[in-house]
Amino acid sequence: MSLTGKVALVTGGAQGIGRAVVESLLQSSVKVAVVDLNQEVGCECKVQLDTEYGEGNCTFIQCDITDGDTLKDAFQTTVDQFGQLDIVVNNAGINNEKDWEKTIQVNLTSVIKGTYLALDHMSKEHGKRGGVVINVSSMAAFLHSPHQPVYTATKHGVIGFTRAIADASSLADYGVRINVLCPAFVDTPLLHSVENEANMGKFVKFKDDFKHSMNKFGVLKPPQIAEGMMRMIMDSSLNGAVMKITCSKGIHFHTYEPLSA
Ligand SMILES: NC(=O)C1=CN([C@@H]2O[C@H](COP(=O)(O)OP(=O)(O)OC[C@H]3O[C@@H](n4cnc5c(N)ncnc54)[C@H](O)[C@@H]3O)[C@@H](O)[C@H]2O)C=CC1
Ligand SMILES: CCCCCC(=O)/C=C/C=C\C/C=C\C/C=C\CCCC(=O)O
């Protein structure tokens, strides 16, 4: 997939992994809508990106992705401003075991809504030209991390939803590839929330155990995740693919046993 002239929407794009992805897209001459809850960080991000990549190439849209109407407006604003939509990265996520219902809303329900909105704007079913969606899960989806049971459940859900809707896209010829990316630990503000009782609730008592896992498996940097993301966006053979990124194996794909009768 050539990226020249394409338009992307990245949720949670103002910092961390999303910010690194936004920068990689801008480096490839993609126009980008940064959709994020955090007004202050989002505005700072926009100023820095305008300085680095030139004005008119990105926009910041303040949006709580759990509010369905606001998320819908963010998609429409992107299309109104840049004329089309080709790439959607459903990246925004939180780690809050105390308010675990919010964690389900942000990490799973909003990823589903973001995927359906992406299809509204890109699917051949709606007379559009096709595109690509990448949903962000986690290596937590392959483990049963005792520190974050609901976070883990949401990340399992993102993989299941993405693989199923990718099959639907293929069978119904939506022309949209839908893939999922699962990073191991990444050095972002989210990772450091493991220290906070406000985030972890009663599971904060496992924080030393969590930090032990980080030391054992290592911590990636956001540009390493952006590299995997760009591969998934550009490789037109990938649909329903589950990419993992770890310190020990780098970028690689999860394989599933074929079903037998
Ligand atoms: N940092 C890590 O170790 C790992 C992170 N991930 C996943 O990667 C994704 C990005 O995480 P990080 O960059 O680490 O987090 P981060 O906390 O650094 O950045 C997340 C961004 O999402 C935004 N956001 C949060 N709630 C939102 C909402 N309701 N509406 C709109 N924006 C919202 C935040 O304002 C922030 O800018 C998440 O889905 C996370 O679960 C996956 C594996 C490991
Ligand atoms: C404080 C919450 C931060 C949440 C970020 C996140 O998604 C955490 C994931 C937790 C557990 C899984 C992560 C790492 C396991 C790492 C590697 C396992 C694979 C082994 C290897 O091949 O190296």
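Just so you know, ligand 1 is whichever comes first in the structure, and atom 1 is the first atom listed for that ligand.
Annotation: cation-pi geometry satisfied between K244 and F142 (NZ/CZ under 6.0 angstrom from ring centroid, within 45° of ring axis).
Within the set V219, L71, N91, the minimum heavy-atom distance to atom 9 (C) of ligand 1 is found for N91. The option from C63, P183, S193, G12 that lies nearest to atom 31 (C) of ligand 1, judged by heavy atoms, is C63.
Using a 4.0 Å cut-off between a side-chain N of Lys or Arg and a carboxylate O of Asp or Glu, E97 and K202 do not qualify as a salt bridge. Salt-bridge check for E197 with K98: passed, with a basic side-chain N closer than 4.0 Å to an acidic carboxylate O. Between D86 and R129 there is a salt bridge, with a side-chain nitrogen of the basic residue lying less than 4.0 Å from a carboxylate oxygen of the acidic one. Under a 4.0 Å N-O distance rule, the pair D167/R163 does not qualify as a salt bridge. A salt bridge links E23 to R19: at least one charged side-chain nitrogen sits closer than 4.0 Å to a carboxylate oxygen.
Using modelled atom types, one side-chain atom of S193 and one backbone atom of L190 make a donor-acceptor pair closer than 3.5 Å. Between the T188 side chain and the I17 main chain, no donor and acceptor come within less than 3.5 Å of each other. S170 places no side-chain N or O within donor-acceptor distance of the main-chain N or O of A166, the cut-off being under 3.5 Å.
The proximity of K155 to ligand 1, defined as any non-hydrogen pair under 4.0 Å, is limited to the side chain. With a heavy-atom cut-off of 4.0 Å, A184 touches ligand 1 through its backbone alone.
Polar contact check, V106 against ligand 1: no nitrogen or oxygen pair lies under 3.5 Å apart. Polar contact with ligand 1: present for Y151 (N/O pair, distance under 3.5 Å). In terms of polar-atom proximity, defined here as any N/O pair under 3.5 Å, L37 does make such a contact with ligand 1. Between I94 and ligand 1, not a single N/O pair is under 3.5 Å apart. For ligand 1, the polar-atom distance check finds no N/O of T66 at less than 3.5 Å from any of the ligand's N/O atoms. Polar contact with ligand 1: present for T188 (N/O pair, distance under 3.5 Å).
Taking a heavy-atom cut-off of under 4.0 Å, ligand 2 is surrounded by N95, S138, M139, A140, L143, Q148, Y151, A184, F185, L190, L191, S193, V194, F210, F217, T246, S248.
Ligand 1 has at least one atom lying under 4.0 Å from a heavy atom of L191. Within the 4.0 Å heavy-atom shell around ligand 1 one does not find S110.
A 4.5 Å side-chain heavy-atom check between S138 and Y151 finds at least one atom pair inside the cut-off.
Alongside F203, the hydrophobic cluster contains F206 (criterion: ILVMFWY side chains under 4.5 Å).
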